[in-house]
Amino acid sequence: MLEYLKTTGRIFDIQKYSIHDGPGIRTIVFLKGCALRCQWCCNPESQEFKIQTMDFAGKEKVVGRDVTVEEVMREVMKDLPYYRRSGGGMTLSGGEALLQPDFAVGLLKACHAEGVNTAIETTGFAPFETIERFLPHLDYVLMDIKQVDDAKHQRFTGQSNKLILENARKIAEWGANLTIRVPVIPGFNNTIEEIRKIAQFAASLPGVQHLHLLPYHRMGEDKYRALGREYKLAGIEPMQDSYMEGLLEAAERSGLHCQIGG
């Protein structure tokens with residue numbers, strides 16, 4: 001057996017038949033642990049690396065389990081016919097897969113060994129030396145650029161964006177198939193000027209052609225209560241479609257291929 005198949009990591013979910021996390025039909029592996037604390041995060045159970053218990057109306061749910069690369073691959077490979085017909089594959093999400101590099105890279109290697117294409121959804125918040133371990137085994141990189149204003153980024157996510165912006169450029173210069181994603185959050189980055197600046201930054205990255213605007217939603221709000229945490233954006237409503245269309249038009253002026261969702 002290849003040694004990396006025995007590598008252990010911590011996940012909290014495996015989601016089948018996704019069509020929004022890279023091309024085709026995909027299996028999403030959600031890893032535990034993240035360095036950011038985005039106020040709108042729809043998976044707050046992903047932020048802590050430790051295994052947690054969530055209380056949904058008196059019913060407890062344990063979140064997080066330790067698995068090997070080989071165990072995850074058994075689930076991933078069940079849908080191989082769907083990947084082949086649709087051009088899909090496996091996507092690493094979280095949390096932040098960059099924080100579990102041995103396990104995550106092992107999964108990517110195992111997928112490529114089986115002819116399954118790979119993607120990652122990432123904040124890009126890690127030393128580039130870590131990211132370099134991932135890049136040879138990734139077919140798609142879906143990276144968030146949330147805000148170009150550093151002070152505002154720190155206020156809403158708990159971290160500076162300097163390393164993130166630096167890594168976005170390095171990933172693009174490496175030659176990765178990089179798509180920039182922007183979670184559009186009321187009060188944080190939902191003005192035409194802010195979206196325009198993010199799009200201009202994305203357009204300056206060599207080889208980058210695609211930018212996706214991801215509309216704000218409140219689907220994770222109940223999870224905060226289940227974890228005994230405050231949802232800091234309570235009362236903030238999703239934006240109307242017409243408003244998102246205006247932001248899309250602003251982003252498109254950068255010359256990128258832009259879309260809402262994806």
Side-chain angles (χ1 to χ4, degrees), residues 15 18-23 26 28 30 34 36-47 91 93-96 119 121-125 141-161 164-165 168 178-205 208-227 229-262:
Q15 177 181 309
S18 174
I19 57 171
H20 301 294
D21 304 271
R26 309 193 71 82
I28 317 302
F30 292 90
C34 185
L36 274 63
R37 292 296 181 267
C38 303
Q39 293 183 13
W40 59 89
C41 180
C42 62
N43 290 324
E45 74 275 30
S46 75
Q47 294 176 352
T91 299
S93 190
E96 176 52 74
E121 297 177 320
T122 181
T123 67
F125 191 83
V141 178
L142 310 172
M143 182 174 175
D144 280 6
I145 300 294
K146 301 172 172 67
Q147 176 60 262
V148 294
D149 181 281
D150 187 40
K152 203 167 189 181
H153 193 280
Q154 289 189 51
R155 191 161 73 249
F156 278 79
T157 74
Q159 297 286 3
S160 168
N161 66 3
I164 293 168
L165 299 181
L178 174 61
T179 293
I180 299 301
R181 288 175 148 189
V182 186
V184 183
I185 312 300
F188 171 60
N189 65 357
N190 68 320
T191 68
I192 286 177
E193 181 65 13
E194 287 169 309
I195 293 299
R196 183 183 63 81
K197 287 180 178 179
I198 295 171
Q200 287 176 339
F201 171 79
S204 77
L205 303 175
V208 170
Q209 299 181 11
H210 298 278
L211 183 142
H212 298 170
L213 300 180
L214 309 180
Y216 168 72
H217 61 76
R218 295 170 59 180
M219 289 188 286
E221 188 170 355
D222 289 345
K223 295 180 180 181
Y224 287 82
R225 285 192 290 270
L227 288 167
R229 292 176 53 186
E230 176 191 4
Y231 183 66
K232 294 185 178 181
L233 300 186
I236 301 295
E237 295 296 332
M239 290 161 288
Q240 295 182 353
D241 292 346
S242 59
Y243 190 83
M244 287 298 301
E245 291 289 345
L247 297 180
L248 179 66
E249 183 179 342
E252 287 175 333
R253 293 181 190 139
S254 67
L256 296 173
H257 300 291
C258 302
Q259 68 184 60
I260 297 172

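- Annotation for Ala202 and Ile180: closest pair CB-CG1, 3.9 Å, computed over non-hydrogen atoms.
- Here the side chain of Asn43 pairs no donor or acceptor atom with the backbone of Ser46 at under 3.5 angstrom.
- Under the side-chain contact (heavy atoms from CB on, under 4.5 Å) test applied with Ser242, the options Gln240, Glu245, Met239, Met244 reduce to a single match, Gln240.
- Side-chain atoms of Phe125 and Ile164, non-hydrogen and from C-beta on, do get closer than 4.5 Å to each other.
- The minimum heavy-atom distance linking Ala203 with Ser254 is given by the pair CB-O, 3.7 Å.
- Residues His217 and Cys42 share a closest heavy-atom pair of CE1-CB, 3.7 Å.
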Determine, step by step, whether Phe188 and Trp40 satisfy the side chain to side chain contact (heavy atoms under 4.5 Å, CB included) criterion, reporting the C-alpha distance in whole Å, the side-chain angles of both residues, the deciding distance to 0.1 Å, and the verdict.
CA-CA 10 Å; Phe188 171 60; Trp40 59 89; 3.4 Å; yes
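- Between Lys197 and Gln147, every side-chain heavy-atom pair lies at or beyond the 4.5 Å cut-off.
- The line from CD of Gln47 to CD of Glu96 is 12.0 Å long, rounded to the nearest 0.5 Å.
- The distance from atom CG of Leu247 to atom CD1 of Ile192, rounded to the nearest 0.5 Å, is 6.0 Å.
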From CA spacing to verdict: side chain to side chain contact (heavy atoms under 4.5 Å, CB included), Arg218, Glu237:
CA-CA 8 Å; Arg218 295 170 59 180; Glu237 295 296 332; 3.0 Å; yes
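- The closest side-chain heavy-atom distance from Glu121 to Thr91 is below 4.5 Å.
- The CD atom of Glu230 lies 12.0 Å from the CZ atom of Arg225; values are rounded to the nearest 0.5 Å.
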Side chain to side chain contact (heavy atoms under 4.5 Å, CB included) evaluation trace for Lys146 with Thr123:
CA-CA 9 Å; Lys146 301 172 172 67; Thr123 67; 4.1 Å; yes
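- Put simply, CZ on Phe30 and CG on Asp21 are 6.5 Å apart, with the number rounded to the nearest 0.5 Å.
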From CA spacing to verdict: side chain to side chain contact (heavy atoms under 4.5 Å, CB included), His212, Thr179:
CA-CA 8 Å; His212 298 170; Thr179 293; 3.8 Å; yes
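- With a 4.5 Å cut-off on side-chain heavy atoms, Cys41 and Tyr224 count as touching.
- Ile195 approaches Ala251 most closely through the heavy-atom pair CG2-CB, 3.9 Å.
- Residues Cys38 and Thr157 are in side-chain contact: their nearest non-hydrogen atoms beyond the backbone lie under 4.5 Å apart.
- Formation of a donor-acceptor pair under 3.5 Å by the Tyr216 side chain with backbone atoms of Asn190 is not found in this model.
- Pairing each heavy atom of Tyr243 with each of Thr191, the nearest pair is OH-CA, 4.0 Å.
- Judged purely by atom type and a 3.5 angstrom limit, His153 has no side-chain atom pairing as donor or acceptor with the backbone of Val148.
- Taking 4.5 Å as the limit, every side-chain heavy atom of Leu213 sits out of range of all side-chain heavy atoms of Cys258.
- Here the closest heavy-atom approach between residue Leu211 and residue Ala199 is recorded as CD1-CA, 3.8 Å.
- Here the CG atom belonging to Asp144 is positioned 10.0 Å from the CD1 atom belonging to Ile198, to the nearest 0.5 angstrom.
- A salt bridge links Glu193 to Arg196: one of the charged nitrogens lies within less than 4.0 Å of a carboxylate oxygen.
- Taking the side chain as every heavy atom from C-beta outward, Pro44 and Lys223 approach each other to under 4.5 Å.
- Taken to the nearest 0.5 Å, the CG atom of Leu142 stands 13.0 Å off from the NE2 atom of His20.
- Not a single donor-acceptor pair under 3.5 Å links the side chain of Asn189 to the backbone N or O of Glu194.
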